[in-house]
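Just so you know, these numbers use all the heavy atoms, side chains as well, and skip hydrogens, waters and symmetry mates. Note on naming: letters A, B, ... go to the chains in the order of the sequence lines (proteins, then strands), and numbering restarts at 1 for each one. Values in this document were obtained by computation on a predicted structure and should not be read as measured data.
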Protein chains: 2
Amino acid sequence: MSTPATASPPTDARAEEHEALRVWLRLLTCTNLVEAQLRTRLRTSFESTLPRFDLMAQLDRHPEGLKMSELSRLLMVTGGNVTGLTDKLAEEGLVERRDDPRDRRSFTVMLTPEGKRQFGAMAHEHEQWVVGLFAGLDHAEKRQMLKLLDRLKVHLSTISD
Amino acid sequence: MSTPATASPPTDARAEEHEALRVWLRLLTCTNLVEAQLRTRLRTSFESTLPRFDLMAQLDRHPEGLKMSELSRLLMVTGGNVTGLTDKLAEEGLVERRDDPRDRRSFTVMLTPEGKRQFGAMAHEHEQWVVGLFAGLDHAEKRQMLKLLDRLKVHLSTISD
DNA sequence: TCGAATTTATTCATGAGTAAAGTATTTTCA
DNA sequence: TGAAAATACTTTACTCATGAATAAATTCGA
């Protein structure tokens with residue numbers, strides 16, 4: 001009610017704060033809803049999970065294979081995590097650890113033929129799911145959203161160092 | 001380059017798919033970056049975590065207390081998860097389980113005075129952090145983002161049932 | 001070339017999430 | 001009334017993530 005006598009901010013700082021918070025909560029809600037859908041569908045359709053899908057996606061994109069450290073960096077998760085995921089995928093015969101002749105500390109991980117086949121099927125479905133989940137936005141809106149998210153991402157990158 | 005001779009879709013379906021996927025990946029990246037920042041700051045500044053903060057935020061918003069099932073619904077996590085979080089917060093004297101005289105199966109969970117005090121301090125800082133993290137968008141852009149996310153959320157709700 | 005520092009991957013402890021099964025208490029209704 | 005269904009929460013077993021500690025191989029500098 002009482003406008004402070006101090007001249008400084010042109011906009012109501014409290015309202016601004018509230019707005020940032022509202023955007024953040026919506027962002028979080030939408031992400032969680034989409035993720036939940038993808039997780040559920042991946043599980044019911046393929047008996048798989050998002051982390052496994054993401055790991056296989058990276059291997060699919062790099063047919064020459066990747067080192068554990070590279071997977072860790074690309075997936076933005078810790079090495080221990082990659083070890084566990086890779087162990088299970090290897091048990092199931094979907095990926096393969098192949099010795100690196102140049103460096104006995106490391107090896108390259110790659111999809112097996114069966115892994116390739118299975119990932120191909122999942123990726124195709126996955127893309128259709130995402131299209132459906134974002135069908136609430138038309139072409140222009142998706143472009144707008146992309147632009148705004150890009151700006152946000154750039155700003156966030158300046159913060160994270 | 002080559003426009004298909006088929007008359008039907010006004011836009012290239014393959015490009016559309018790619019666009020939905022791009023929006024989704026940006027959305028995910030931004031959410032993860034913001035979450036990582038908030039997690040880190042909550043831990044270093046308050047020795048706490050996001051799930052704990054979220055649970056306490058719901059209790060702060062509902063001073064009359066909430067049932068476990070209500071917390072589960074509001075936080076969009078399973079009951080077992082809420083049990084674990086509540087157990088720890090109760091051990092630390094930040095929340096309290098109070099018997100419901102009307103239904104001995106359930107009880108209401110509420111913040112203790114110490115919990116209120118501690119949450120108040122965290123919430124204040126948290127809001128400043130969010131404002132800073134979203135400072136890459138100006139007022140109009142935040143409003144635009146909010147509008148787009150609302151549309152998306154509505155669409156997603158029709159899917160989840 | 002030897003030893004120190006770095007890199008690569010694994011293991012372990014911990015925290016947070018899920019699904020499914022279990023327990024206890026109410027509610028419903030034939 | 002009392003057996004079946006529904007509800008509220010916990011427990012258990014599992015997945016996935018982190019960070020710290022470890023082990024092994026490589027690299028680099030003196």
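Of the candidates C:dT18, D:dC9, C:dA9, D:dC9 carries the atom nearest the B:T83 side chain, counting heavy atoms from C-beta on. Considering only the side chain of A:V77, D:dT18 comes nearest among D:dC9, C:dT8, D:dT18. Listed nucleotides D:dA17, D:dC9, C:dA9 differ in distance to A:L85; the shortest reach to its side chain belongs to D:dA17. Closest contact between the side chain of A:N81 and the listed nucleotides D:dA17, C:dT10, D:dC9 involves D:dA17. Residue B:S106 has its side chain nearest to D:dC9 when only C:dA16, C:dT8, D:dC9 are considered. Of the candidates C:dT10, C:dA16, C:dT26, C:dT10 carries the atom nearest the A:R97 side chain, counting heavy atoms from C-beta on. With distances taken from any side-chain atom of A:D103 to the nucleotides C:dT10, D:dA25, C:dT25, the minimum falls on D:dA25. If you check D:dA25, D:dC16, D:dC9 against the side chain of B:M68, the one that comes closest is D:dC9.
Atom-to-atom, CG of A:L42 to C1' of C:dG17 comes out at 17 Å; the value is rounded to the nearest Å. The distance from atom CZ of B:R39 to atom C1' of D:dC16 is 12 Å, rounded to the nearest whole Å. Going from atom CE of A:M76 over to atom C1' of D:dC16 covers 16 Å, rounded to whole Å. For the pair B:F107 CZ and C:dA24 C1', the computed distance is 12 Å after rounding to whole Å. The separation between A:R102 atom CZ and D:dT27 atom C1' is 15 Å, rounded to whole Å. If you take CZ of B:R43 and C1' of C:dT14, they are 13 Å apart, rounded to a whole angstrom. The CG atom of A:D99 sits 13 Å away from the C1' atom of D:dA25 (whole-angstrom rounding). Distance CZ (A:R104) to C1' (D:dT27): 15 Å, rounded to an integer number of Å.
Taking the charged nitrogens against the carboxylate oxygens, B:R26 and A:D150 do have a contact shorter than 4.0 Å, which makes a salt bridge. Under 4.0 Å is where a charged nitrogen must lie from a carboxylate oxygen, and between A:E92 and A:K88 no such pair does. Salt-bridge check for A:R151 with B:E141: passed, with a basic side-chain N closer than 4.0 Å to an acidic carboxylate O. The residues A:R102 and A:D100 are annotated as not salt-bridged, no charged nitrogen and carboxylate oxygen being separated by less than 4.0 angstrom.
If you check every strand for non-hydrogen atoms under 4.0 Å, B:S69 touches sugar and phosphate atoms only.
When the side-chain nitrogen and oxygen atoms of B:T78 are compared with OP1 and OP2 of C:dA19, none of them lie within a distance under 4.0 Å. For D:dC16, one of the phosphate oxygens OP1 or OP2 lies less than 4.0 angstrom from a side-chain nitrogen or oxygen of A:T49. At C:dT8, one or more side-chain N or O atoms of A:K67 fall inside 4.0 Å of OP1 or OP2 (strictly under the cut-off).
In terms of heavy-atom proximity, B:L59 sits nearest to B:V109 at CD2-O, 3.4 Å.
Note that CD of A:Q144 is 11.0 Å distant from CG of A:L149, once rounded to the nearest 0.5 Å.
Checked by distance alone, B:R105 brings a side-chain donor or acceptor within 3.5 Å of a matching partner on the base of D:dT7.
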